[in-house]
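What follows is a set of notes on a single structure, which appears directly below.
To find a chain, count down the sequence lines: A is the first, B the second, and so on, and within it residues start at 1. It should be emphasised that the depicted structure is a prediction, and the values quoted were computed from it without experimental measurement.
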Number of protein chains: 2
Amino acid sequence: MLSSSAPTSESLGSSARRERRERILDATIALASHGGFDAVQMRAVADRADVALGTLYRYFPSKIHLLVAALAREFERTESALGASRIEGDTPADRVVTVLRWTTSGLEDDPHLTEALTRAFMFADRSVATEIRLVARLLTRIVTNAMHPDRDEVDDEDVAIARVVGDVWLASLVGCVTGRSTTAEAVAHMERAVRLIVR
Amino acid sequence: MLSSSAPTSESLGSSARRERRERILDATIALASHGGFDAVQMRAVADRADVALGTLYRYFPSKIHLLVAALAREFERTESALGASRIEGDTPADRVVTVLRWTTSGLEDDPHLTEALTRAFMFADRSVATEIRLVARLLTRIVTNAMHPDRDEVDDEDVAIARVVGDVWLASLVGCVTGRSTTAEAVAHMERAVRLIVR
DNA sequence: GACATAATGGGAACACGTTCCACTTCGAGA
DNA sequence: TCTCGAAGTGGAACGTGTTCCCATTATGTC
């Protein structure tokens, strides 16, 4: 348990463990991408990642944990991709819209994946609180960063605004996934909401 | 199928059918209220409503349909309860906050029920679109009505605002259910959001 | 190198949502 | 009243998430 390397953050243990974890998440994304939430079957993930079912459950205690962890990894990648480039737009609202568009287009390229990750996020219960919080924090940070790319610190008000934007974003995703609205409608709704909220 | 009475709206058929439907929804609410989403087990619902499992599935093609239908019924009752009384508050924002508080307190009295209904709503997929749309419409109408209790017609802008409020409300519910925030925090967040959005 | 401990593999078993089927009951029209 | 089709009953059976068990393999210690 308390082995050598711990360069990142958590007690992820050895590199073999980390590799296996990555393999599992890769398999999850691949299956989700192909057939959505229902296609992410635990036995299929285990097969594809070349681990036993019991091992999969040792890494991720439920299908929801697994999918939310996959979502968190995607978000981390999105954030670092965004961090690298300047965000287009003159006003905070413009930049937020840009970021949301960018993120959303990434998602609409892969509707199955979006469906799987969104539904997992929405279906999660308290036992997934840690992972959920991680995702929520990432989302808020992405938005506040779009609002004030230069600032390192943001005030309370900005966080509240960013959370509202995040709420609308999630609700819009749910709207798409549940077939209540098309992607275009969802994007339009988000834009309108941002113009209402951010200034 | 095309029997006698159809006094309300849909093709609900005979009164025996309607009674059975009500009994099923009652059983659903009772079980959800007691033990949340997981306690709403189809066999248990069928037992409690005194119908066979197959009959239950004839009325509601899945657990999610069942729970979303129950949510819709609760919303309809909420709306008619609200419609009866004047809403306190001098400004649109105040009235919206009042309504949300009222609705939310109703829900927080019964956290299990809230959890069950919220998770069902969030987990729904396209096949539940009809019921989902019904709930969304009710929610929007409740908010727009709070904004303009006197008006019968509302403009496009108001609907957009109401939808954002609804989004925040749903996201806040999810936040509670997933243990990301306490009820008090959720209410505070909603209030702040409404002040930002409605004027 | 031998050992203790933890991690993994393989697979059976269980729970609950869902489907299916054979049989019975109900209700409306001849 | 009789008949026929629709609706309901009871229960078996299937799929998938989840748990459990134990033999096997890695990992770190002496």
## Note on the structure
Sorted by chain and residue number, the salt bridge (Lys or Arg N to Asp or Glu O under 4.0 Å) partners of A/D50 (sequence neighbours excluded) come out as none

### Message
For the NE2 atom on A/H34, are there more than 12 heavy atoms of other groups (residues, nucleotides or ligands in this structure) within a distance under 6.0 Å?
### Response
no

### Task
List, by chain and then residue number, the residues other than A/V154 in its hydrophobic cluster (Ile/Leu/Val/Met/Phe/Trp/Tyr, side-chain heavy atoms under 4.5 Å); write none if there are no others.
A/V159

### Query
In this structure, are over 12 heavy atoms from other groups packed under 6.0 Å from A/D90 atom CG?
no

### Task
Report the distance from atom OG of A/S172 to atom CZ of B/R163, rounding to the nearest 0.5 Å.
7.0 Å

### Summary
Once base and sugar-phosphate atoms are separated, protein heavy atoms under 4.0 Å mark nucleotides 13-18 of chain D, 5' to 3', with B, S and - as B--BBB

### Query
CG of A/D47 versus C1' of C/dG10: gap in Å, rounded?
11 Å

### Query
Looking at D/dG8, D/dT9, C/dG9, which one has an atom nearest to any side-chain atom of A/R20?
C/dG9

#### Entry: Working for salt bridge (charged side-chain N to carboxylate O under 4.0 Å, His left out), residues B/D94 and B/R101
CA-CA 10 Å; B/D94 286 339; B/R101 270 231 192 93; over 6 Å; no

### Task
To the nearest Å, give me how far apart CZ (B/R58) and P (C/dC21) are.
14 Å

### Sugar-phosphate only, base, or nothing, as touched by B/D50 at under 4.0 Å among non-hydrogen atoms
sugar-phosphate

### Task
Send over the distance from A/R23 CZ to C/dT8 P, rounded to a whole Å.
10 Å

### Query
What's the CZ-C1' distance between A/R17 and D/dT27, to the nearest Å?
13 Å

### Message
Restricting to side chain to side chain donor-acceptor pair (under 3.5 Å), what partner residues turn up for A/E76, sequence neighbours left out?
### Response
none

### Message
Could you tell me how far apart B/F60 (CZ) and C/dT18 (P) are, to the nearest whole angstrom?
### Response
13 Å

### Message
Within the supplied structure, the quantity of interest is the number of heavy atoms (other residues, nucleotides, ligands) at a distance under 6.0 Å from B/E22 CD; does it exceed 12?
### Response
yes

#### Entry: Candidate nucleotides D/dT9, D/dG8, C/dG9, ranked by approach to the side chain of A/T55 - the nearest
C/dG9

### Query
Excluding sequence neighbours, so at least two apart, what forms side chain to side chain donor-acceptor pair (under 3.5 Å) with B/D125?
B/S127

### Query
Does OP1 or OP2 of C/dT8 have a side-chain N or O of A/Y59 closer than 4.0 Å?
yes

Collect all protein-nucleotide pairs involving nucleotides 23-26 of chain C in which both atoms are nitrogen or oxygen and the distance is under 3.5 Å.
none

### Task
Could you tell me the separation between the CZ atom of A/F123 and the P atom of C/dG17, rounded to a whole number of Å?
10 Å

